[in-house]
Amino acid sequence: MRAVVLVGGFGTRLRPLTNTVPKPMLPVGHRPMIARLIDRLARGGVTDVVLALGFKPEPFIEAFPDGRCGDVSLTYAVEPEPLDTAGAIRFAAEAAGIDDTFVVANGDVMTDLDVAGLVATHRAAGAEATVHLIGVDDPSAFGVVEIADDGSIRQFVEKPARGTEPSNLINAGTYVFEPSVLARIPSGVRVSIERETFPSIVADGGMFGHSTDDYWIDAGVPDLYRAANLDLLGGRRVHESAEAFAPGADVDPAATVTNTLVGAGARIEAGTTVVDSVILPGAHIGARAQVESSLIMGRVGADATVIESIIGADGTLDDDDHLAYSTLPEVD
Ligand code: GDD
Ligand code: MG
C-alpha cells in the first residue's frame, strides 16, 4: 500500500529549533521523527511513501539519499508554494501516480496505532475516507468529530472554540482515502483537508472514524515534542524505545543527567545538572550549568540556568545568565 506523508509545514510552534531543522526531521529518541513514523506505516503494510514537501525539502532528501527508509521506498513531491494540507495531498498523490486506496499521515504524529487496523475498518465500512480518532481532555486545539453508532462521522470541525466541541474525540492525523477524495480537491491552490474536504465527505456520508486508545502525541508543540522524546525512555511505547545517550554523546562523568536524552555530538560539561530535557545533536552545556524541562540545540554558558525554555542552533546563553519560560533567539 502507498502513503502520502505531510511534511511541508513551517513548524512555527517549534521555533527556533525549526529555524534550522524542519519539524519532521527533528529527532525523537535520536532518530528523525519522520523515520519513526515511516517505520510504523511499514509495520501496518505500507511499502511506498511519497513525502509531501514544501518548506526546507533538502534535509529530507539528504537524510534518505538512496530513496529508502528501512524497507520503504521513498519519493519526493516538492510543492512550488504551500498548498495547505489537501492541496499538498493532491499534489503529492498525483506526482506519485496514486490511483488506489492509500494512507495519509501528518508528519508530526507519534503513535502506536496499527495502520492495518485502520485500513480494515475503512474496508469493512466501505468508506471514502477513514480517520484515526483519539479521545483527549481538551479537544479544542484539534479537529473534532461527532460520530454515530455505526462509526460514521456526522460532523467534523477544525479547532472549534473551547466549549463548543461536539465531543472529545479528535482527528489523530492518520487517514485512509479512496482515490475519489483527490477529485474533491481543486488543483494547484491552497485547500485545507480539515476545513474544506472533510466537511464535504461528511455531508455525503462517506467519512468514518476508527477510535483507539493507543499511545498518541502530536509532537508539533514544545512540551509534547519533549514528551515524545522522554516517553521513549519510560517504556510507554509498544514497539519503540531509546537509550538516554546516543552513541557519540559526550557527557562528563561528573555531570548529573536525569530523565534526559542527549544526542550525538552534544557535550555536557562537569558539574552540570540536567533534568527532564532534550539535548539535541551539537548542543553544548557549559560547566555547572543547570537545565530543567528544556530543549537545547545551541550553547548554554558555564554556571547558566535554563528553565522550560528552548535554545535553537543559533542561540547562545552567556555564562552566568538565566533563561526561563522563553526562547533563544526570541521568536515572534
Ligand atoms: N506539504 C505541505 N504543505 N504540508 C503541510 C502544509 C502545506 O502547505 N501545511 C501543513 N503541512 C503539514 C505539516 O508539516 C504537518 O505534518 C501536517 O501537515 C499537519 O499540520 P500541523 O500544522 O501539524 O497541523 P495541526 O497539528 O495544527 O493540526 C492537524 O493535526 C491534528 C492532529 O495532530 C489537523 O489535521 C488536526 O485536525 C488534527 O487534530
Ligand atoms: Mg501538528
Side-chain angles (χ1 to χ4, degrees), residues 3-15 17-18 21-26 28 32-34 36-38 41 49-57 59-60 75-96 103-111 113 129 131-145 153 155-160 165-175 177 185 188-199 201-202 207 209 211-212 214-225 227-228:
V4 173
V5 180
L6 289 167
V7 287
F10 291 102
T12 318
R13 291 164 290 182
L14 282 179
R15 289 188 302 168
L17 302 182
T18 47
V21 180
K23 173 169 72 172
M25 286 301 299
L26 286 171
V28 167
M33 64 172 95
I34 182 73
R36 292 191 179 271
L37 192 156
I38 291 172
L41 297 179
V49 163
V50 49
L51 295 182
L53 292 162
F55 175 64
K56 289 195 203 295
F60 295 91
T75 51
Y76 307 100
V78 184
E79 290 152 45
E81 60 200 359
L83 293 174
D84 208 339
T85 43
I89 293 166
R90 174 163 179 164
F91 181 83
E94 269 180 1
V103 172
V104 174
N106 285 348
D108 56 3
V109 166
M110 297 285 100
T111 176
L113 167 73
V131 180
H132 177 216
L133 303 174
I134 286 278
V136 299
D137 292 336
D138 179 7
S140 65
F142 302 100
V144 189
V145 304
I153 293 178
Q155 193 191 352
F156 185 102
V157 46
E158 182 68 8
K159 302 190 175 117
E165 307 95 333
S167 78
N168 72 339
L169 276 182
I170 63 145
N171 166 21
T174 309
Y175 321 127
F177 288 169
I185 303 168
V189 291
R190 288 183 65 88
V191 187
S192 161
I193 200 85
E194 298 89 353
R195 296 180 193 276
E196 298 169 65
T197 318
F198 285 166
I201 303 172
V202 167
M207 192 149 157
S211 173
T212 76
D214 292 310
Y215 175 92
W216 181 87
I217 273 187
D218 177 336
V221 296
D223 277 353
L224 296 178
Y225 172 65

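As the structure lists them, so they are numbered: ligands from 1, and atoms in each ligand from 1. One-based numbering along the sequence shown.
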Proximity to ligand 1 by part of [X], non-hydrogen separation under 4.0 Å:
| X | answer |
| --- | --- |
| Ile170 | neither |
| Pro82 | both |
| Phe10 | neither |
| Arg13 | side chain |
| Leu83 | backbone |

Numbering as shown, the atoms of ligand 1 that approach [X] to under 4.0 Å (heavy-atom distance):
| X | answer |
| --- | --- |
| Thr85 | 18 (O) |
| Gly107 | 16 (O) |
| Trp216 | 32 (C), 33 (O) |
| Lys159 | 25 (P), 27 (O), 28 (O) |

When you measure from [atom] to every protein heavy atom, which one gives the shortest distance, and what is it?
| atom | value |
| --- | --- |
| atom 37 (O) of ligand 1 | Glu158 OE1, 2.7 Å |
| atom 35 (O) of ligand 1 | Glu194 OE2, 2.6 Å |
| atom 4 (N) of ligand 1 | Gly8 N, 3.1 Å |
| atom 17 (C) of ligand 1 | Asn106 OD1, 3.7 Å |
| atom 10 (C) of ligand 1 | Gly9 CA, 3.9 Å |
| atom 23 (O) of ligand 1 | Asp108 OD2, 2.7 Å |
| atom 33 (O) of ligand 1 | Asp218 OD2, 2.7 Å |
| atom 32 (C) of ligand 1 | Asn171 O, 3.4 Å |

Indicate the atoms forming the closest heavy-atom contact of [X] with [Y], along with that distance.
| X | Y | answer |
| --- | --- | --- |
| Ala219 | Tyr225 | O-CB, 3.3 Å |
| Leu14 | Gly220 | CG-O, 3.6 Å |
| Met207 | Phe156 | CE-CD1, 3.9 Å |
| Ser192 | Asp84 | CB-OD2, 3.6 Å |
| Val7 | Gly107 | CG1-CA, 4.1 Å |
| Ala141 | Lys159 | O-CE, 3.2 Å |

Does ligand 1 have an atom under 4.0 Å from some heavy atom of [X]?
| X | answer |
| --- | --- |
| Lys23 | yes |
| Tyr175 | yes |
| Val7 | yes |

[atom1]-[atom2] distance between [X] and [Y], expressed to the nearest 0.5 angstrom:
| X | Y | atom1 | atom2 | answer |
| --- | --- | --- | --- | --- |
| Arg90 | Leu83 | CZ | CG | 11.0 Å |
| Ile38 | Met33 | CD1 | CE | 12.5 Å |
| Leu53 | Thr75 | CG | OG1 | 9.5 Å |
| Phe177 | Ile89 | CZ | CD1 | 5.0 Å |

inquiry  = Among the N/O/S atoms of Asp218, which is closest to the Mg ion (ligand 2)? Give the atom name.
reply    =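 Result: OD2.
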request  = Name whichever N, O or S atom of Asp108 ends up nearest to the Mg ion (ligand 2).
outcome  =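 This residue's closest N, O or S atom turns out to be OD2.
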Where the side chain of [X] meets the backbone of [Y], is there a donor-acceptor pair that is under 3.5 Å apart?
| X | Y | value |
| --- | --- | --- |
| Thr197 | Ala86 | no |
| Trp216 | Ile134 | no |
| Thr174 | His132 | no |
| Thr111 | Tyr215 | yes |
| Ser167 | Val145 | yes |

task = Indicate yes or no: does an N/O atom of Ala88 lie under 3.5 Å from an N/O atom of ligand 1?
result =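 Between Ala88 and ligand 1 (N or O atoms, distance only) the closest approach is not under 3.5 Å.
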inquiry  = Checking the N or O distance criterion of under 3.5 Å, is ligand 1 in contact with Phe142?
reply    =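 Between Phe142 and ligand 1 (N or O atoms, distance only) the closest approach is not under 3.5 Å.
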query = Given Val221, Leu6, Asp84, Thr12, which has its nearest heavy atom closest to atom 15 (C) of ligand 1?
reply =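 Comparing heavy atoms across Val221, Leu6, Asp84, Thr12, the nearest one to atom 15 (C) of ligand 1 lies in Leu6.
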inquiry  = Within the protein, is there a heavy atom lying under 4.0 Å from atom 28 (O) of ligand 1?
reply    =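 Yes, at least one protein heavy atom sits under 4.0 Å from atom 28 (O) of ligand 1.
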